[in-house]
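The structure under discussion appears below in the form of structure tokens.
Residue numbering restarts at 1 for every chain, and letters A, B, ... go by the order of the sequence lines.
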There are 2 protein chains.
Amino acid sequence: MTQTLDAAPRSRRRDAEQNRLALLAAASAVLNRDPDASLDSIAAAAGLSRRALYGHFATRDDLIRSLLAHGVSRVLAATDRVEHPDPAALLALIGVTLWREVESVRVAAQFTVRGPFQHELALALAPLRDRVRHAVTVGAGTGRIRDDIEPGMLARLVEGSVLSVLDEATRSAIDAPTGERLVALSVLGMLGFGAADARALVDATPELHR
Amino acid sequence: MTQTLDAAPRSRRRDAEQNRLALLAAASAVLNRDPDASLDSIAAAAGLSRRALYGHFATRDDLIRSLLAHGVSRVLAATDRVEHPDPAALLALIGVTLWREVESVRVAAQFTVRGPFQHELALALAPLRDRVRHAVTVGAGTGRIRDDIEPGMLARLVEGSVLSVLDEATRSAIDAPTGERLVALSVLGMLGFGAADARALVDATPELHR
DNA sequence: TGTAAGTTGCACACGAGTGTGCATGTTAGT
DNA sequence: ACTAACATGCACACTCGTGTGCAACTTACA
């Protein structure tokens with residue numbers, strides 16, 4: 001009797017969870033290139049057989065759901081820590097933060113447009129989007145951000161501009177510092193900042209410059 | 001003997017070409033929402049049976065190839081007519097012109113990233129992209145356009161920002177005038193124009209304002 | 001109005017991906 | 001070393017989309 005009195009069902013093996021994470025990582029990488037890659041290719045990328053994958057995830061949807069949950073929580077956790085009094089700088093910072101979570105962000109972005117998780121995902125991402133929209137609205141009120149585009153629309157365009165850069169980053173390999181700078185400049189450009197003003201703000205904001 | 005001496009093979013019926021065009025239009029519309037929609041759904045959207053589709057296009061690839069050829073020629077024809085001495089205004093104009101070909105542009109954009117036509121398509125679109133890149137380079141030289149982003153990259157980011165707006169346009173229905181204005185402002189923002197300067201340029205350029 | 005072009009509906013073969021069952025190894029933990 | 005947890009490989013059933021053949025029907029056109 002080492003554990004309980006009756007039938008000790010011996011706990012999960014450690015490598016199991018390890019493989020589960022490997023599968024999620026592989027899925028993230030593979031689906032980033034091909035949104036409807038087969039489970040076979042995902043399992044192979046994780047160094048496992050397709051049959052083994054079913055030991056960790058009941059169905060394909062289950063895998064994707066877990067992947068998205070994992071990714072969304074990463075993204076939300078990362079962006080939640082970002083704060084700044086200037087709404088423009090805040091938005092640039094959020095963009096830069098998203099850059100650091102490229103894979104998760106892009107997978108999430110894929111499935112906000114296609115697939116059966118759109119609504120569910122949109123719901124999970126709502127707090128972040130609300131925050132962006134709020135910052136845009138506040139900035140437009142103070143005159144810090146352009147007000148010639150309706151805030152809701154501008155918020156979505158900012159989101160789009162960030163995703164644009166992330167797309168570009170996956171095609172041509174971009175190193176972290178330039179990538180972050182590009183995201184910041186894109187966001188600020190969309191917010192109505194001229195090139196000089198944008199550069200000045202980036203240079204003046206250490207979190208953006210680093 | 002009405003026509004030739006030997007076997008007069010009676011020409012194509014007119015409704016055949018009509019149906020062919022209907023299929024292309026349906027494909028454009030359906031594939032815009034779902035890039036890998038079935039031939040069944042496309043044929044149905046054209047008011048035909050899947051079996052009839054094979055009377056016009058040998059294979060799925062054949063249909064898509066024709067669709068892309070059709071779309072690319074539309075896009076190139078439209079943008080070829082656009083000229084302007086100011087590179088920034090030219091780029092905004094090209095963007096606005098692309099807005100007027102939303103469906104073709106978006107279908108083309110889809111297949112530049114996924115599917116077996118990537119290289120072929122990129123080749124066909126090269127002249128337009130070269131033109132964008134050239135305008136960016138020239139503008140950066142004169143100081144009219146930001147030079148803190150490498151021209152090649154900036155050109156792709158401009159392309160991305162246009163596609164962003166077109167994406168947004170397909171989600172939320174946007175009327176033509178505001179859509180064109182959004183495209184112009186997005187492009188100019190990416191080029192380094194502040195909100196005020198961008199608005200001034202748009203107002204001063206009748207082809208952009210209309 | 002006759003005839004060929006075009007459409008339809010059904011059948012079928014085929015490939016690819018999903019999900020499951022089961023027997024047979026491997027390997028981690030005790 | 002023993003055992004349960006895990007992985008593997010194979011077989012199988014199932015779904016879905018593609019592409020083809022063929023007979024029967026409708027319609028444009030001369």
Point to revise | For B:Arg156, all residues meeting side chain to side chain contact (heavy atoms under 4.5 Å, CB included), sequence neighbours excluded | key: A:Glu168, A:Ser172, B:Glu150, B:Met153
Point to revise | Length of the line joining B:Leu53:CG and C:dG9:P, which is rounded to integer Å | key: 14 Å
Point to revise | Pair listing, side chain to side chain donor-acceptor pair (under 3.5 Å) test, anchored in residues 43-59 of chain A, at least two apart | key: none
Check your understanding: Between C:dT20 atom P and A:Asp62 atom CG, what is the distance in whole Å?
Key -> 11 Å
Practice item. Could you check how far CG of B:Leu23 sits from C1' of C:dG6, rounded to whole Å? Key: 12 Å
Review point. Would you say B:Arg171 has more than 12 foreign heavy atoms packed within less than 6.0 Å of its CZ?
Key: yes
Review point. Looking at B:Asn19, does any N or O in its side chain come under 4.0 Å of the phosphate oxygens OP1/OP2 on C:dG6?
Key: no
Review point. Would you say a side-chain N or O of B:His56 is under 4.0 Å from OP1 or OP2 of C:dT7?
Key: yes
Review point. Whole Å only: how far is the CZ atom of A:Arg14 from the C1' atom of C:dG29?
Key: 8 Å
Review point. What residues form a side-chain hydrogen bond (donor to acceptor under 3.5 Å, both in side chains) with A:Asp175, not counting sequence neighbours?
Key: A:Thr178
Practice item. State whether the distance check finds a donor on one side and an acceptor on the other, under 3.5 Å, for side chain A:Arg13 versus base C:dA28. Key: no
Exercise for review: Would you please name every residue forming a side chain to side chain contact (heavy atoms under 4.5 Å, CB included) with A:Leu90, sequence neighbours left out?
Suggested key: A:Val82, A:His84, A:Ile94, A:Arg131, A:Ala135
Review point. Using 4.0 Å as the upper bound for N to carboxylate O, is an ion pair formed by A:Arg114 and B:Asp36?
Key: yes
**Study point:** side chain to side chain contact (heavy atoms under 4.5 Å, CB included) partners for B:Leu208, two or more places apart
**Key:** B:Ala92, B:Leu93, B:Val96, B:Ala184, B:Val202, B:Thr205
Revision key, fill the gap. For nucleotides 11-19 of chain C, 5' to 3', base contacts (B), sugar-phosphate-only contacts (S) and non-contacts (-) with protein non-hydrogen atoms under 4.0 Å give -------BB
Review point. Could you give the CD-to-P distance, from A:Glu17 to C:dA28, as a whole number of Å?
Key: 16 Å
Revision key, fill the gap. Of the listed C:dG9, D:dA28, D:dA7, the closest approach to the A:Ala52 side chain comes from D:dA7
Check your understanding: Taking five pairs at each end, how big is the angle between the two axes of the helix from C:dT1-D:dA30 to C:dT30-D:dA1, to 10°?
Key -> 30°
**Study point:** Pair listing, side chain to side chain donor-acceptor pair (under 3.5 Å) test, anchored in residues 91-106 of chain B, at least two apart
**Key:** B:Ser28-B:Glu103, B:Asn32-B:Arg106, B:Arg74-B:Glu101, B:Arg100-B:Glu180, B:Arg106-B:Asp167, B:Arg106-B:Thr170
Exercise for review: Measure from CG on A:Asp15 to C1' on D:dT8 and round the result to the nearest Å.
Suggested key: 14 Å
Check your understanding: For A:Ala195, which residues count as a side chain to side chain contact (heavy atoms under 4.5 Å, CB included) partner, sequence neighbours excluded?
Key -> A:Arg199, B:Arg146
